[in-house]
Amino acid sequence: MFASLRATTLTSNTRSVRCPIRSFTTTSPSKHDEGFLQGIEAQLQEMQTAGTYKKERIITSPQAASISLSSSQAPPSVLNFCANNYLGLSNNRDLIQAAKHALDTRGLGLSSVRFICGTQDIHKELEKKIARFHRKEDAILYASAFDANAGVFEALMGVDDAIISDELNHASIIDGIRLCKASQKHRFKHMDMDDLREKLKQVQGAKNKMIVTDGVFSMDGDIAPLDKICQLADEYGALVVVDECHTTGFLGKTGRGAAEHCGVLDRVDIINSTLGKALGGSIGGFTTAKSPIIDMLRQRSRPYLFSNTLPPAVVGASLHVFDEILRDTSRRDKLERNTQIFREKMKAAGFEVIGESPIVPIMLHDAKLAGEFAADMLQRGIYVVGFSFPVVPKGKARIRVQLSAAHSDADIDKAVQAFIAVGKEKKVIQ
């Protein structure tokens, strides 16, 4: 693409101003461009051939248990079993009203990062509520949970430090660790405490040691053994960082996440999580910890320092949702019940089901089969997605089902019956 400049005259009431206007013309790509584009196109073709190319379905309704899709290849209304809408709050009328109130009273946005002129009273109020919910001293808001993970390690860990991370941690954790200057970076085998111990022995000389894990792993649905991890952390003098994105609001007796579920809420040093899943499904992430840690993140965390602050509408809705989950666990209780019912019925039908959370992987192992299975499920009015390499390891393709408190018993029964019908057609079950 090349830009050519031409002059034009803008006439006002008082004077004429001759201004250059930039116009764009498309030219033939250079040889370098051609080679680059051909390489990209070849990779895309490989993805399509392997069945790993991701297509986006267009939703024409609010996010809910039942949604509408813009597709002639799908029923007009389908049951959604693939959203992170764990508590069914993505289209909650009270949250929408709270968001509208914040729009009316605090505006659309701040047009600034936090430390310049992007902090309103409601941002500080939300940070206090988050800290209170997780029983920490303070909290810091980010534009996304990805940013929270991208910002925490670089700001806190130096060249003399060591980080040990579960091998199946989320991509945002992996990228965040890559950005930091810690000279020792290790991965331990998934939830393998013997391997974690060995890695801790290897880094005993480090100035600071940090163990990082997801609370619930988003592809396998299993819960990190945080009680055992905290025990090792105490033994070897390490900090514990937990990503609670797929737990906040619903795992544990009061929805405080895997740390509460494992009885170590007061032993986890740093919690990262999201406002964009169970808590209304909009956007935004946070870190909560002791006050000096949060203060250091405000000074050094690059995603915080160089990204616009959260919009007031998101903050207003989030304030309301924390009030809701602090006083009422009924949605969390409904989700737990739905999860138990679905898991029991799918296992009884003969499917290979792993994990122990509202994330329910149905193992199919073959990438092409997973894609075809999901397409057939959609024709039966059930929206699920097949996952395969590189999102999950080769040979571990699956359908990932996610339960919601918004699902009724009839919704779950319909989904199970569709799985059974397609499973028999595909010879996955007898």
Side-chain angles (χ1 to χ4, degrees), residues 1 26 29 32-61 63 67-85 144-146 149-150 167-175 178 214 217-221 245-246 274 276-277 281 283 351-355 359-402 415 418-419 421-423 425-428:
M1 301 284 287
T26 302
H32 175 74
D33 290 340
E34 286 180 348
F36 177 75
L37 291 174
Q38 287 172 0
I40 294 294
E41 289 169 350
Q43 292 177 58
L44 291 170
Q45 184 59 52
E46 288 175 4
M47 294 177 191
Q48 293 181 4
T49 301
T52 60
Y53 184 86
K54 301 168 196 62
K55 298 179 180 178
E56 298 178 358
R57 293 196 177 104
I58 308 302
I59 299 173
T60 58
S61 65
Q63 185 65 274
I67 59 175
S68 300
L69 299 178
S70 175
S71 174
S72 59
Q73 300 178 349
S77 179
V78 297
L79 293 176
N80 191 354
F81 279 86
C82 59
N84 299 316
N85 187 23
S144 70
F146 199 110
N149 282 329
E167 66 180 354
L168 294 188
N169 276 341
H170 191 267
S172 59
I173 296 175
I174 295 170
D175 286 356
R178 284 173 177 163
D214 280 332
F217 292 84
S218 61
M219 284 297 122
D220 285 9
C245 284
H246 286 278
T274 182
K277 291 183 171 60
I283 196 169
F351 286 99
E352 181 185 350
V353 179
I354 65 173
I359 297 171
V360 187
I362 312 302
M363 301 303 295
L364 299 174
H365 301 284
D366 180 81
K368 189 174 182 181
L369 173 61
E372 292 174 351
F373 201 111
D376 288 354
M377 289 288 289
L378 187 65
Q379 293 304 310
R380 295 175 182 271
I382 306 297
Y383 187 5
V384 290
V385 174
F387 289 88
S388 56
F389 182 82
V391 179
V392 296
K394 288 183 178 179
K396 298 290 185 180
R398 68 201 62 188
I399 299 289
R400 185 182 70 172
V401 175
Q402 290 168 280
F419 265 106
V422 177
E425 288 177 1
K426 300 291 185 183
K427 301 190 186 313
V428 174

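- In plain terms, the two heavy atoms of Phe81 and Val384 that are nearest each other are CB-CG1, 3.8 Å.
- Contacts of Glu372 classified as side-chain hydrogen bond (donor to acceptor under 3.5 Å, both in side chains), with partners at least two apart in sequence or in another chain: none.
- Legend: residues meeting side-chain hydrogen bond (donor to acceptor under 3.5 Å, both in side chains) with Asn85, ordered by chain and number and at least two apart, are Ser90.
- Residues satisfying the side-chain contact (heavy atoms from CB on, under 4.5 Å) criterion with Val353, sequence neighbours excluded, are Arg343, Met346, Lys347, Phe351, Val360, Ile362.
- In terms of the side-chain contact (heavy atoms from CB on, under 4.5 Å) criterion, residue partners of Ser68 (sequence neighbours excluded) are, by chain and number, Thr60, Ser61.
- Atom CD of Gln48 and atom OH of Tyr53 lie 5.5 Å apart (nearest 0.5 Å).
- Residues that satisfy the side-chain contact (heavy atoms from CB on, under 4.5 Å) test with Arg57, not counting sequence neighbours, are Leu69, Leu378, Tyr383.
- Minimum interatomic distance between Ile359 and Pro361 (heavy atoms only, all atoms of both residues): O-CD, 3.4 Å.
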Checklist entry - Do Asp214 and His246 pass the side chain to side chain contact (heavy atoms under 4.5 Å, CB included) test, and can you show the C-alpha distance, the side-chain angles, and the key distance before you say yes or no? => result CA-CA 8 Å; Asp214 280 332; His246 286 278; over 6 Å; no
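- The list of salt bridge (charged side-chain N to carboxylate O under 4.0 Å, His left out) pairs with a residue in residues 386-399, not counting sequence neighbours, reads Asp220-Arg398.
- Residues that satisfy the side-chain hydrogen bond (donor to acceptor under 3.5 Å, both in side chains) test with Gln38, not counting sequence neighbours, are absent from this structure.
- Note: His170 NE2 to Asn149 CG = 8.0 Å, rounded to the nearest 0.5 Å.
- Note that the SG atom of Cys82 and the CE atom of Met377 stand 10.5 Å from one another [nearest 0.5 Å].
- Rounding to the nearest 0.5 Å gives a distance of 9.5 Å between CZ of Phe387 and NZ of Lys54.
- Here Glu46 pairs with nothing under the salt bridge (charged side-chain N to carboxylate O under 4.0 Å, His left out) rule; sequence neighbours left out.
- A heavy-atom distance below 4.5 Å is found between the side chains of Leu364 and Val428.
- Rounding to the nearest 0.5 Å gives a distance of 9.0 Å between CZ of Phe217 and CD of Glu167.
- In this structure Asp366 satisfies the side-chain contact (heavy atoms from CB on, under 4.5 Å) test together with Lys368, Leu369, sequence neighbours excluded.
- Residues passing the ring pair (Phe, Tyr, Trp, His ring centres under 6.0 Å) test with Phe146: none are found, sequence neighbours excluded.
- Checked against side-chain hydrogen bond (donor to acceptor under 3.5 Å, both in side chains), Ser144 has no partners two or more places apart in sequence or in another chain.
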